[in-house]
Participant: 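Please see the structure below; I have some questions.
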2 protein chains.
Amino acid sequence: MSKQGASLPVIDLTGDTPCCPPLAQRRVPAETAAVLAPAFKALGDPVRLQLMSMIASAEGGEACVCDLTPAFDLTGPTISHHLKTLREAGLVDAERRGTWVYYRARPAILRQLAALLTIEPTSAE
Amino acid sequence: MSKQGASLPVIDLTGDTPCCPPLAQRRVPAETAAVLAPAFKALGDPVRLQLMSMIASAEGGEACVCDLTPAFDLTGPTISHHLKTLREAGLVDAERRGTWVYYRARPAILRQLAALLTIEPTSAE
DNA sequence: CGCCTGTCTTGACGTCCGTCGAATCAGACA
DNA sequence: TGTCTGATTCGACGGACGTCAAGACAGGCG
């Protein structure tokens with residue numbers, strides 16, 4: 001995973017990005033929206049949402065492509081494409097160990113997205 | 001808002017949909033992914049993410065289109081199109097009162113999305 | 001070394017998306 | 001009733017997306 005790992009425009013949202021006041025608390029600035037929207041977009045496909053869940057909930061916190069692919073009625077390249085999308089959105093990390101490639105969730109950005117959507121129970125309705 | 005309000009395929013995610021165990025806790029089933037992914041997709045555009053925030057954080061919990069539109073360098077029809085997308089994703093409700101149309105966030109689905117992304121602090125990394 | 005298996009990239013195709021201008025609809029007001 | 005303003009819909013355009021088949025690359029093993 002050396003080449004693509006270096007060439008991909010990996011978004012750095014590992015924790016120090018100023019982003020997190022809930023969406024309903026104050027208006028999200030355009031720059032923040034531009035940074036976070038691609039992450040939501042990446043989750044906006046049923047296949048990727050399931051992939052993300054399978055990776056995040058996997059034993060040991062990581063999942064092998066060889067386990068991911070057969071779970072869908074899609075070709076290998078298509079799954080690979082979706083995983084690349086998740087990688088470019090900063091949602092997962094990939095690592096090759098021998099024959100297989102393992103994907104691992106990045107909890108920091110997931111927490112940021114969750115925080116953005118969080119609403120206090122006393123919010124209208 | 002009579003005609004379009006009735007004809008749109010409004011998604012009912014008001015609370016009784018079985019959906020909410022965190023993404024990282026157990027694998028999201030295909031049906032759940034198919035229902036929730038469109039909501040993430042709707043938030044996957046910077047303009048819509050800002051619109052959502054402006055609506056959710058507005059005084060009184062609602063925002064007028066006349067206040068939303070001038071906040072962007074986009075035409076009225078384009079903003080209207082994005083608002084329709086948010087509406088169809090079940091993220092907002094629209095109501096016409098006299099001359100103006102007001103949009104209001106639907107906290108239930110926001111909470112569902114937030115819950116899905118929630119991760120316990122003790123999750124790898 | 002050569003082959004095999006697993007994964008990714010490339011190129012292509014059809015579809016969906018974001019945007020706009022023009023036309024249309026809904027209320028308010030004279 | 002007619003007209004004006006605000007919001008949506010319609011039709012169109014360029015670009016991005018999801019998918020696949022075919023080819024290329026990486027690592028293990030004989």
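Throughout, a chain's letter reflects where its sequence line sits, starting with A, and its residues are numbered from 1.
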Participant: Give the rounded distance in Å between these two atoms: CG of A:Leu83 and C1' of D:dG18.
Facilitator: 14 Å
Participant: Within this structure, what is the OH-to-C1' distance between A:Tyr103 and C:dT7, rounded to whole angstrom?
Facilitator: 8 Å
Participant: Students often get this wrong, so: under 4.0 angstrom with heavy atoms, is A:Ser80 touching a base, only sugar-phosphate, or nothing?
Facilitator: base
Participant: Rounding to an integer number of Å, can you tell me how far B:Lys84 NZ sits from C:dC25 C1'?
Facilitator: 14 Å
Participant: Please report, rounded to the nearest Å, how far the P atom of C:dT5 is from the CZ atom of A:Arg97.
Facilitator: 23 Å
Participant: So, taking the atom named CE in B:Met52 and the one named CG in B:Leu83, what distance separates them when rounded to the nearest 0.5 Å?
Facilitator: 10.5 Å
Participant: Does any pair with a residue in residues 66-100 of chain A pass disulfide (SG to SG under 2.5 Å), and if so which ones, sequence neighbours excluded?
Facilitator: A:Cys64-A:Cys66
Participant: Starting at atom CD1 of B:Ile79, determine the distance to atom C1' of D:dA7, rounded to an integer number of angstrom.
Facilitator: 12 Å
Participant: Once you round to the nearest 0.5 Å, how far does CZ of B:Arg104 lie from CG of B:Asp93?
Facilitator: 9.0 Å
Participant: Would one find a side-chain N or O of A:Tyr102 under 4.0 angstrom from OP1 or OP2 of C:dT7?
Facilitator: no
Participant: Sugar-phosphate atoms are those with a prime plus P, OP1 and OP2; base atoms are the rest. Using that split, label each nucleotide of nucleotides 18-23 of chain C B, S or - for protein heavy atoms under 4.0 Å, 5' to 3'.
Facilitator: SBBBB-
Participant: Would you mind reading off the distance between B:Asp67 atom CG and D:dT5 atom C1', rounded to a whole angstrom?
Facilitator: 15 Å
Participant: Can you figure out which of C:dA26, C:dC8, C:dT7 approaches the side chain of B:Arg96 most closely?
Facilitator: C:dA26
Participant: Return the CG to CG distance between A:Leu23 and A:Leu116, rounded to the nearest 0.5 Å.
Facilitator: 5.0 Å
Participant: Go through the structure and list residues passing side chain to side chain contact (heavy atoms under 4.5 Å, CB included) with B:Ala34, not counting sequence neighbours.
Facilitator: none
Participant: Taking all non-hydrogen atoms of both residues into account, name the closest pair between A:Ala37 and B:Asp45 and its distance.
Facilitator: CB-C, 3.8 Å
